[in-house]
Amino acid sequence: MATGEPGSPMREGTVLPKEQAGLCPTDTGGDEPSAGPEEQEELLAPQSNGPVRVADGQGDAQEEPSDKELSDSASTDNTLEDSSEFGRPLGVGVCEPGGPPTTHRDEDVTAASWRARRKHVFVLSEAGKPIYSRYGNEEALSSTMGVMMALVSFIQSGDNAIRSIYSDDQKLVFVQQGPLVLVSVSRTLQSEQQLRQELLYVYYQILSMLTQVSITRIFERKKNYDLRRLLAGSEKILDRLLNLVESDPGFLLGAVRCLPLPASLRDTLGTLLQKAITPNLVFSILVARSQLVTAVQERAVIEECRLEPTDLHLLLNLIGASSAFQAGEIWTPICLPRFNPDGYFYAYISYLDAECTVCLVLLSTDKESFYAVSDCKRRVEEAMRTQGSLQVLSGGLQSPSYGVGQVGVPDLRHFLYKPLDIPENYRQLPQFTSPELEGPYCSEEEQHRLFDLYHYLHSRIHSTSRPLRLIYHVAEKETLLAWVTSKFELYTCFSPLVTKAGAINVLTKLLRWIKKEEDRLFIRYPPKYSTTPNPGKGTKGGRPDGAENGFFAGL
Amino acid sequence: MKPDGKVVLLGDMNVGKTSLLHRYMERRFQDTISTVGGAFYLKQWGPYNISIWDTAGREQFHGLGSMYCRGAAAVILTYDVNNLQSLIELEDRFLALTDTASTDCIFAIVGNKVDLTNEYALLLETEEENRPEKPVTGCISTKVQKQVHLDDAVALYKKILKYKMLDEKDVPAAEKMCFETSAKTGYKVDYLFETIFDMVVPIILRQQAEGPLQTVEITNYKSAKRTKSGCCA
């Protein structure tokens, strides 16, 4: 589960061999901003006339890498021809009359409010071409992104890699993955490591739509290809992902949240999915309002690889950000980048109730198996109706999770609990549980504040330089305690007046409660099935469809 | 349960394919978000189950188009009347995808979003019987000059016939197969789908009469692909 752990996501090869003043190359833990802005200004001065805030940068710095990289821009490849550069009408047509510019895309990038954003995320190509910006139009930001690329190339020319820049109130984190450069500019309390992790989620989400091999191939053919052509329409998926990353602890913990359910009901549903199979089906996932109900894996696949929480998060985000109404059944190629960054699965997605809360996702390796897979859904749906479990599921969703009050300890406000004592032979999905957010964490601002604190504790616990097992943190409006053992990872939030002894006492009660409820809160024994009599041995189980995908078929 | 006939919606992103279908199936308009891959719907039409594939217009999913089009009895090529490029894309990008459709496939060209044009009020007066569910209120704001006219769609229809090597005499007339709709107000949406479904029924009957052939078609379809459309003659 590389994504949840510190240290693993970055290839170590990118670590700077020697330190550069001001450009923080190594993991300083993120607790102490290591370099003052003055030093950075010194260093950046010859590059761009903007100071630390790269948004001030001038366009002329952009030319430098461009001249070098774009020399082959006269590529003759027609299919990849970037016919009208930025001028291509992206099909937006006419704005709704009278409708306000609702999306972040229309934001004025010169406005102070744009600069004041909590967290910016940019994606650009190695040629410095804008691919995505969380706020504001990429075109308006092309010079800013040019400066970013100039920074990256400048450091690269000294056989180094830029990792981050610290200023007074923000961190800039750079991640380079193949031909893509991802940059986060954040005012949050998150550590560099956590911001890096978020950028990787963005990268993986892009892979989930295009695959690594196709991105590499595209940029091999044409360095200045405008990747927005292929991602047009997908901005909302990335927007949603970035909002989720900040509000769903599953991304921070690298774990999935299960819908609390009586174990017997979960087992029945698992059995149902186990029975409704067809050749080449590899994953069956039942989800209710973005919380996992149960997931079944093909036996041969599970032996070699398990479903990664990252892949499940990305899959659910993609589904959540795509249009569907109840009557429709979606059939789309999708890549699970942590499972295999180069191959496609074919995902069948269908809602089982009129409110679109209960969703069945079936992944197949066979592009042509839509009708067979659709038939599996019909069987699942019918069985669920006869059992009455569909009603239970959608009825239970009135209160999707549970309140912290159920634990029965007054000082406890909220917690995140991730069990670590999972029997390895079950290849269990990493899971976590947490109660619904209640007052005082109802407003988005308060939620951000709480998650900032969780992020801070998480970064201290997982600090690569000085990891901690226990941390008791008295914040302004609450007291927090984080504790990691071999059996669990736990973050708790108390009312501010709790005493240390009181907090420990609460923890004991909480752990007892979780133990009592664990059959309801977690999937204990994930079911499996065999769909293929002779799964290609040695070929990594039901290997997903190779490079043959939507995009390349069109090339 | 295998559907009896297949109708495919094609067109650039943001032209309103999902909204059209949503209007027809669910009787309402709501903001949709970009479709991924393709979405499958079943519509009971008389004794037949007609499947409708709503495809993603995004270039990312382009190569899948021919998969969704395989064996299609009707293809609805959709553009946005306020966006000329979306009509051009139909010819440049989407027409070739229909190579895998049934040889007697019918084509419809649909310009959506007419409610945004300044001609819309005029249209409503002349088409009393197709009055939308409720008149657009509060939308007095700027209507725009329509960018794509019905003539342009008719011209595209004729190009398609040429591309498919079909004789104008053997297929429905261009005027009959070019539509202008508004998913937002419901203008002519039912008319569009019902016209298409009525036309698909004879194709279903023919496909069923050729019964066993149809099952062969899926696996052997490549060899059958470019045969002349003799059955229409």
Side-chain angles (χ1 to χ4, degrees), chain A residues 79 83-84 88-99 102 208-210 214 227-237 240 318-334 344 346-350 367-368 370-371 374-375 378 548-555, chain B residues 1-3 12-16 18-19 21-22 25-26 30-43 52-54 56-68 70 80-86 89 93 96-97 113 115-117 138-144 147 184 218:
Chain A
T79 41
S83 47
S84 48
R88 178 175 185 261
L90 287 171
V92 182
V94 178
C95 284
E96 287 298 297
T102 44
S208 77
M209 299 182 269
L210 299 177
S214 68
L227 199 65
R228 292 181 311 154
R229 274 183 65 163
L230 289 176
L231 288 175
S234 312
E235 302 88 351
K236 279 192 179 146
I237 296 173
R240 192 176 184 275
L318 191 109
I319 293 169
S322 306
S323 82
F325 42 106
Q326 200 238 329
E329 300 166 47
I330 292 169
W331 183 243
T332 183
I334 184 170
Y344 276 107
Y346 289 86
Y348 171 91
I349 302 155
S350 177
K367 188 178 177 176
E368 307 290 338
F370 172 79
Y371 290 105
S374 172
D375 191 55
R378 217 147 285 136
E548 161 71 18
N549 72 60
F551 178 67
F552 276 104
L555 274 183
Chain B
M1 170 181 51
K2 271 244 175 185
D12 204 1
M13 57 182 258
N14 280 324
V15 299
T18 305
S19 295
L21 195 56
H22 201 269
M25 303 286 282
E26 312 257 302
Q30 73 180 51
D31 278 334
T32 57
I33 27 184
S34 191
T35 309
V36 293
F40 171 88
Y41 300 87
L42 263 187
K43 174 73 189 173
I52 309 168
W53 278 96
D54 173 28
R58 282 140 68 174
E59 203 166 325
Q60 182 196 334
F61 296 108
H62 185 66
L64 293 168
S66 42
M67 175 175 97
Y68 297 123
R70 184 162 313 156
D80 172 356
V81 292
N82 305 298
N83 180 350
L84 182 60
Q85 186 63 30
S86 70
E89 293 283 323
R93 202 146 70 83
L97 301 178
K113 305 195 192 180
D115 57 289
L116 297 179
T117 65
C139 267
I140 322 124
S141 54
T142 48
K143 296 282 181 190
V144 290
Q147 269 204 31
K184 186 162 189 181
I218 292 174

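What you see is a predicted model, and the numbers here were worked out from it, not measured in a lab. Here is the naming used below: chain letters follow the sequence lines, and residue numbers restart at 1 for every chain.
Expressed to the nearest 0.5 Å, how far CD of Gln60(B) lies from OG of Ser214(A) amounts to 9.0 Å. Summarising the geometry, atom CD belonging to Glu329(A) is positioned 8.0 Å from atom CH2 belonging to Trp53(B); distances are rounded to the nearest 0.5 Å.
Scanning all heavy atoms of the two residues, the minimum distance from Tyr371(A) to Pro3(B) falls at CE2-CD, 3.6 Å. The shortest heavy-atom contact between Ile330(A) and Val36(B) is CG2-O, 3.7 Å. Across all their heavy atoms, Gly233(A) and Ser34(B) have their closest contact at O-CB, 3.3 Å. For the pair Arg58(B) and Ile237(A), the tightest heavy-atom approach, listed with the atom from each and the gap, is NH2-CD1, 4.0 Å. Of all non-hydrogen atoms in Trp331(A) and Tyr68(B), the two that sit nearest each other are O-OH, 2.5 Å.
For a residue to count as touching a neighbouring chain, one of its non-hydrogen atoms must lie under 4.5 Å from one of that chain's; by this rule Ser234(A) touches chain B with backbone and side chain alike.
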